[in-house]
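Down below is the structure, laid out as C-alpha cells.
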Amino acid sequence: MTLTTKERIAVGLSVLFIVFLLFAPGNSPRQVDMLATLRAPSAEHWLGTDHLGRDLLTLMKHGCIRTLLMLFSASVTGLIIGVSLGLLAGYFDCWWSRGLVFMAEIVLTIPTFILALIITALLGLTPVSAGFVLGFSSSGHYIVQISQLVKEVKERPYIELLHKTGISHRRIIFRHVWVNILPVILTSFGNQVSNYVLDYAGLTFIGLGTDPTQADWGTMLYQYRLYLFDAPWLVILPCLGIFCIALVFHILFDRSYQSLA
Amino acid sequence: MTNLGKIFLRWLGLFWAVSVVAFLLPRLMPDYPVHYYLQQYQLPVTPENIQIVEEQWGLNRSLFVQYGHWLGRFIQGDWGRAYMTGLDVRTELFRRLPYSLLMACGGLLLGGLWAYVLGFLAVLQENGFWGKVSRVHTLLASTFPSLISGVLLIYLLSNRWKLLSFYGEHKLPGILISSLLIAFYQSGHLTRIVIRHLEEVKAQAYIQTMQTRGFSLKTVLWKYGYHYTMYGLLSAMLPQFSWVIGGTSILEYTFAIPGISAFLIDSISHRDYVVIQGYLMLTIAWMFGMHVIVEGLLVSLQQEEAAL
C-alpha cells in the first residue's frame with residue numbers, strides 16, 4: 001500500500017489530533033460553570049467552553065475515548081462472531097451451516113441503524129453496547145462473505161489432498177484456509193470501521209437510551225446545533241473528531257479506496 | 001424444485017424469522033408500555049390498572065398465544081393499534097411511507113445516476129479533474145456525518161439565507177434536501193463500483209483495438225461498458241436499499257419529516273410493541289420488493305448483453 005504525500009499529511013494530522021485529545025489534560029465532563037459559558041479558546045480553556053460552561057477539551061477527550069471504546073467493541077464483536085461462524089459455515093456444508101447463513105441473511109435484511117436503535121434502547125446506549133450491536137449487525141456481512149470464500153478455497157485440489165493425508169479439520173482451517181481469506185477479512189474490516197464511527201455518531205445524535213450528560217460527539221452535535229453561527233467551534237470540533245477517526249481508517253484500511261487512488 | 005420455488009421458500013422463511021424477531025425484540029426492552037400509557041393519562045400505576053390495560057391490549061396472555069394472534073391478524077391486514085395514540089398501525093405506516101420512499105428511492109436513484117456520470121467522466125481521463133472530484137467526494141461521503149450536513153443546510157438555507165422553510169406545513173423542501181443528501185452519501189460508495197467496472201472494460205483487448213481503429217474511448221465505453229457496469233452498479237445498490245430505510249431515520253429526525261422512521265423513533269421511546277413489529281415487517285416487505293425489482297433488472301441486463 002502506498003499513500004500519496006497529501007494522504008500521508010492528512011493521516012498524520014488526524015492521528016496527531018486524536019493523540020492530542022487522548023493525552024490532553026481534563027477534569028470531569030459533568031463539571032459546569034455558568035459564569036464562563038460560550039468562552040472562546042484561552043489559556044484556561046484551550047478549546048473554549050460550551051453553553052453550560054463545560055470545558056470543551058475535556059468533553060472532546062471523553063468523546064474520543066468513548067468513540068474508540070465503541071470501535072474496539074464493534075470490531076471485536078464483528079470479527080469474532082462473523083469470522084468464526086463464517087469459517088464454520090463455509091467449511092462444513094450441512095444443515096446447521098446453512099442455518100447459520102440463513103440467520104446471517106436475517107441480520108442483513110434488518111437495517112443496521114434500526115436494529116442498533118432498537119437494541120440500544122433495550123440495553124441502554126453506552127459505547128460498549130452500541131459497539132456490540134453495530135459489530136453484531138456487521139457480522140452478517142462477514143458470515144455471508146467468508147462462508148462463500150471458504151467454500152471456494154475448500155474445493156481447491158491441495159486442500160482435498162490434505163484431507164486425504166489425514167490432517168485434521170482444525171489444522172486445515174487454521175493453517176491453510178485462514179491464510180487465504182485473511183486479506184478479504186482485512187478489507188471488509190476497513191470498509192466497516194468508518195461506518196461504525198458514523199453510525200455511533202448518528203445513534204448518540206438521536207439519543208434514544210443515551211445519557212445526555214455523557215460527552216459523546218453525536219450528543220454534543222445535537223446539543224450544540226443551535227450555536228452553529230454564534231459559537232461555531234462547538235459544532236466544528238466534534239465534527240473534526242468524527243472526521244479524523246473515520247478518515248484514518250478509511251485511507252489506511254479501505255482497499256476499494258486505495259484501488260481508486 | 002425450481003429456482004423460483006427455492007427463492008419463494010427462502011423469502012417465506014425470512015418473513016417468518018423476522019416476524020419472530022420483530023415480536024420478541026420489543027418485549028425484551030426493560031420498560032413496559034403499560035406503565036408509559038398510565039403515566040401519559042396521569043393514572044396511578046397500580047396492579048389493578050395494569051391488569052385492566054393488559055387485558056385490553058392482550059398482554060396478559062402467554063407470549064406464544066400473543067404471537068399467534070398478532071401474526072394471524074397481521075396476515076389478514078390488521079396490524080393492530082398503536083398503544084399510545086390509538087392510531088391504526090397499518091394506516092399510519094402507509095400514510096407516512098410515501099415520505100420515506102420519496103426520500104429513500106429518490107436519493108438512491110439520483111445517487112446511482114450521479115455515480116454513473118461521475119465514474120464515467122473519471123475513467124475517461126486518467127488522473128484528470130473528475131477523477132480528483134470523485135476521490136474527494138468518496139472521502140467526504142465516507143467520513144463526514146450526514147447529520148451535520150443536514151444541520152448545516154438547515155442553518156444556511158433556512159436561517160441565514162431565508163431561502164427555504166423546513167419546519168412549516170410543507171415538507172417538500174425537507175424531502176428534497178434529504179434526497180439530495182442521500183444521493184450524495186450513496187454515490188460516494190457507488191462511484192467506486194462504477195469506476196472499477198469501467199476500468200475492467202477499458203482494459204479489455206477489444207476496447208483497445210477499437211480505439212486504435214479511431215473510435216473514441218467515450219463512445220466505446222458508453223456502448224460496450226454500459227451493461228457490465230450497470231450490472232455491477234445495480235448489484236451494489238441492492239444492499240443499499242436496506243441502508244437507505246435506516247439511513248433516512250437521521251434525516252427524518254433532523255428535518256422533522258413525518259416518515260416511517262420518525263414514527264418508529266417515537267414508538268421506541270414509548271415501547272410501543274405493535275408499531276415496532278409493524279415497522280420491521282414492512283422493512284422486510286420493502287427488501288423483498290426491491291430484490292424482485294433489482295433481480296428482474298439484472299436478468300434483463302444479462303439478456304441484453306448476451307444479445308449484443
Side-chain angles (χ1 to χ4, degrees), chain A residues 7 10 14 102-103 105-124 137 141 191 194-195 197-199 201-203 205-209 217-218 221-222 224-226 228-229 235-236 238-239 242-251 254 256-257 259-261, chain B residues 10 13-14 17-18 20-22 25-26 28-31 122 131 134-135 138-140 142-148 150-152 154-156 159-160 185 189 191-193 195-196 199 239 241-250 253-254 261 264-265 268-269 271 276 279-280 283-284 287-288:
Chain A
E7 285 164 350
S14 301
F102 180 71
M103 280 159 76
E105 284 174 350
I106 297 171
V107 175
L108 281 179
T109 309
I110 303 172
T112 303
F113 194 78
I114 295 301
L115 195 65
L117 209 60
I118 296 172
I119 298 182
T120 49
L122 184 154
L123 299 171
S137 291
H141 286 280
N191 289 337
S194 55
N195 289 342
V197 178
L198 298 183
D199 280 344
L203 285 173
F205 182 80
I206 287 180
L208 283 183
W217 286 340
L221 287 172
Y222 182 76
Y224 302 154
R225 72 197 189 287
L226 303 172
L228 190 61
F229 287 108
V235 176
I236 290 169
C239 250
I242 295 168
F243 179 75
C244 284
I245 292 189
L247 183 84
V248 170
F249 284 99
H250 184 70
I251 291 183
D254 194 332
S256 49
Y257 169 78
S259 69
L260 192 71
Chain B
R10 187 172 149 266
L14 275 174
V18 171
V20 174
V21 174
L25 205 59
L28 292 171
M29 290 178 176
D31 300 317
S134 77
R135 286 183 68 191
T138 302
L139 200 64
L140 278 178
S142 307
T143 53
F144 196 73
S146 62
L147 50 105
I148 284 306
V151 170
L152 198 66
I154 288 170
Y155 272 89
L156 287 175
N159 284 25
R160 177 65 56 111
Y185 281 94
H189 159 72
T191 307
R192 293 187 283 183
I193 309 281
I195 291 178
R196 210 180 306 150
E199 289 285 6
F241 280 105
S242 161
W243 178 93
V244 155
I245 277 285
T248 58
S249 51
I250 290 178
Y253 186 71
T254 310
S261 297
L264 177 79
I265 291 170
I268 290 174
S269 55
R271 308 294 189 258
I276 301 170
Y279 179 92
L280 287 175
T283 305
I284 189 157
M287 285 305 290
F288 173 70

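Each chain gets a letter, A, B and so on, in the order the sequences are listed, and its residues count up from 1.
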For the atom pair [atom1] ([X]) and [atom2] ([Y]), what is the distance rounded to the nearest 0.5 Å?
X	Y	atom1	atom2	value
B/Tyr185	A/Leu198	OH	CG	8.0 Å
B/Thr143	A/Ile245	OG1	CD1	12.0 Å
B/Leu139	A/Phe243	CG	CZ	5.5 Å

Check: [Y] and [X] side chains under 4.5 Å, non-hydrogen atoms:
X	Y	value
A/Phe102	B/Leu14	yes
B/Leu280	A/Ile118	yes
B/Thr283	A/Ile114	no
A/Leu221	B/Leu147	yes

Closest approach of [X] to [Y] (non-hydrogen atoms, all atoms of both residues):
X	Y	answer
A/Ala246	B/Ser142	CB-O, 4.1 Å
B/Ile265	A/Ile206	CD1-CD1, 3.7 Å
B/Ala17	A/Ile106	CB-CD1, 3.1 Å

May I ask you to name which of [options] has the most heavy-atom pairs under 4.5 Å with chain A?
options	value
B/Val21, B/Leu140, B/Leu28	B/Leu28
B/Arg271, B/Arg160, B/His189, B/Glu199	B/Arg160
B/Asn159, B/Leu25, B/Val18, B/Ile193	B/Leu25

Which atoms of [X] are under 4.5 Å from chain A, going by heavy atoms: the side chain, the backbone, both sets, or neither?
X	value
B/Ile154	neither
B/Ile148	side chain
B/Ile276	side chain
B/Tyr155	both
B/Arg10	both

Given heavy-atom pairs under 4.5 angstrom as the criterion, report whether the side chain, backbone, both or neither of [X] touches chain B.
X	answer
A/Leu226	both
A/Val235	side chain
A/Ile119	side chain

